[in-house]
Amino acid sequence: MFEGFSGYQHIYVLEEERAVVCMACAVPCSLQGKEGIYLYGVATKKSHRGKGLMSALLEYAEQEEKRKGAEFSVLIPQTPDLFAFYRRLGYETRFYRHAFSVESVPAAAETLSASPVTAGGLASLRRANASRPFVQLNPKASQAVAEDLTLLKAECFATGRGYAVARKEKKQVFIEELFAQSPQAAAELVRGICGVYGCQQAKGYCGGGLFQTEQTMDFGMIKFLSKPFPMHGAYMALMLN
């Protein structure tokens, strides 16, 4: 499965008696015009944890990817306690998620258009609406993300002032990603989506600064493999997670 995202040359494993005990996949990605990797599928067999195997494997993988041209490595810790582990390896928290939950009166939105989630369509919406640089996966990985969102029955909704990737979850709208030019534009977008799905409550994630109920959470980490570069509030989400 992982070779489809990155190619075999970006998959790293440690074996013991011909059995894989530790692995990591370095998915090529970009940020601010720089080439880098997104570490995915990072795992160690339970019986082999606490022995420093993952630390050694990631150090080797990072050096190999740096040799191939990568200037940074990003990842999303699977659990909160792993932030401390990755900090010891030189990673720093620089990506955040902004969660929100609102009651919304459904409304018809004449300018609201819905479309299937595609890798190219999502990238275009981000370029047009995101007010910050974002981590962009390689085409195969981006397509895998779009396919997963489609399986979840998510759709892209766009107006002239923003967009959202949303789906109906029981009796409420769940928004995977939302960017808008202003809080008012975000509220109108949410009302329109609630109108489409016939819901009165919406929750999910946005680019930040759009809802009074937002809760900011640590999300992603970065390690510079060469000279650090300005990130200017860079954004990372919908990353095979």
Side-chain angles (χ1 to χ4, degrees), residues 1-2 4-6 25 27-41 72 74-76 94-100 109 111-169 173-182 185-194 196-197 202-211 214 217 219-220 222 231-241:
M1 178 179 71
F2 297 119
F5 302 145
S6 61
C25 181
V27 181
C29 64
S30 61
L31 172 64
Q32 289 281 65
K34 311 287 186 180
E35 297 301 315
I37 56 170
Y38 164 55
L39 289 176
Y40 176 71
F72 67 90
V74 294
L75 54 81
I76 301 170
R94 298 288 294 275
F95 302 95
Y96 304 91
R97 250 191 168 174
H98 304 277
F100 71 93
T111 59
L112 183 67
S113 62
S115 61
V117 180
T118 65
L122 182 56
S124 295
L125 287 171
R126 281 176 160 180
R127 285 193 296 268
N129 295 277
S131 57
R132 61 191 69 184
F134 54 88
V135 177
Q136 178 65 52
L137 293 172
N138 69 66
K140 287 186 177 180
S142 295
Q143 183 60 36
V145 171
E147 290 172 358
D148 282 347
L149 289 168
T150 299
L151 288 174
L152 290 172
K153 298 183 179 180
E155 298 176 281
C156 282
F157 294 87
T159 65
R161 299 196 297 161
Y163 79 95
V165 178
R167 56 188 169 87
K168 186 174 182 179
E169 187 178 79
V173 170
F174 188 86
I175 295 178
E176 301 281 357
E177 179 170 286
L178 185 153
F179 276 97
Q181 295 177 8
S182 67
E188 291 176 355
L189 181 58
V190 170
R191 284 198 297 270
I193 297 171
C194 284
V196 171
Y197 290 134
K203 69 175 184 178
Y205 305 104
C206 67
L210 296 174
F211 300 94
E214 283 179 22
M217 303 175 293
F219 184 61
I222 188 170
M231 293 176 59
H232 304 300
Y235 173 81
M236 178 168 67
L238 304 183
M239 298 284 293
L240 297 169
N241 59 306

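Put simply, the side chain of Ile37 does not reach to within 4.5 Å of the side chain of Val27, judged on heavy atoms. Using a 4.5 Å cut-off on side-chain heavy atoms (C-beta onward), Val135 and Tyr38 make no contact. Side-chain contact between Pro116 and Thr150 is absent, with no heavy atoms from C-beta onward closer than 4.5 Å.
Rounding to the nearest 0.5 Å places OH of Tyr163 at 10.5 Å from OG of Ser124. Of the inter-residue distances, the one linking Ile76 atom CD1 with Leu240 atom CG reads 8.5 Å to the nearest 0.5 angstrom. To the nearest 0.5 Å, atoms CD (Glu214) and CZ (Arg97) are separated by 13.0 Å. Atom NE2 of His98 and atom OH of Tyr96 lie 9.0 Å apart (nearest 0.5 Å). Rounded to the nearest 0.5 angstrom, Ile175 CD1 and Tyr205 OH are separated by 12.0 Å. To the nearest 0.5 Å, atom CG of residue Asp148 and atom CD of residue Gln143 are 10.0 Å apart.
Asn138 places a side-chain N or O within donor-acceptor distance of the main-chain N or O of Pro28, the cut-off being under 3.5 Å.
Listed here is the closest heavy atom pair of Phe95 and Met231: CZ-CE, 3.4 Å. The two residues Glu177 and Ala237 come nearest to each other via the heavy atoms OE1-CB, 3.9 Å. The heavy-atom pair separating Ala202 from Cys194 by the smallest distance is CB-SG, 4.1 Å. Scanning all heavy atoms of the two residues, the minimum distance from Val74 to Cys29 falls at CG2-SG, 4.3 Å. Shortest non-hydrogen contact noted between Tyr197 and Ala166 is OH-O, 3.5 Å. For the residue pair Glu35 and Ser30, the shortest heavy atom distance occurs at OE2-CB, 4.0 Å.
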CA sep, side-chain torsions, deciding dist, call: Glu176, Leu152, side-chain contact (heavy atoms from CB on, under 4.5 Å): CA-CA 11 Å; Glu176 301 281 357; Leu152 290 172; 4.3 Å; yes
So Met236 and Phe134, side-chain contact (heavy atoms from CB on, under 4.5 Å) or not? Walk me through it. CA-CA 6 Å; Met236 178 168 67; Phe134 54 88; over 6 Å; no
Given side-chain contact (heavy atoms from CB on, under 4.5 Å), test Thr159 with Glu188 step by step and report yes or no. CA-CA 9 Å; Thr159 65; Glu188 291 176 355; over 6 Å; no
Check the pair Leu122, Leu238 against side-chain contact (heavy atoms from CB on, under 4.5 Å), reporting the backbone distance first and the verdict last. CA-CA 10 Å; Leu122 182 56; Leu238 304 183; 3.8 Å; yes
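Below 30°, between 30° and 60°, or above 60°: for Phe211 and Phe100 the angle between ring planes is below 30°, a parallel geometry.
Checked against the 6.0 Å centroid criterion, the rings of Phe179 and Tyr235 qualify as a close aromatic pair.
Using a 4.0 Å cut-off between a side-chain N of Lys or Arg and a carboxylate O of Asp or Glu, Arg167 and Glu155 do not qualify as a salt bridge.
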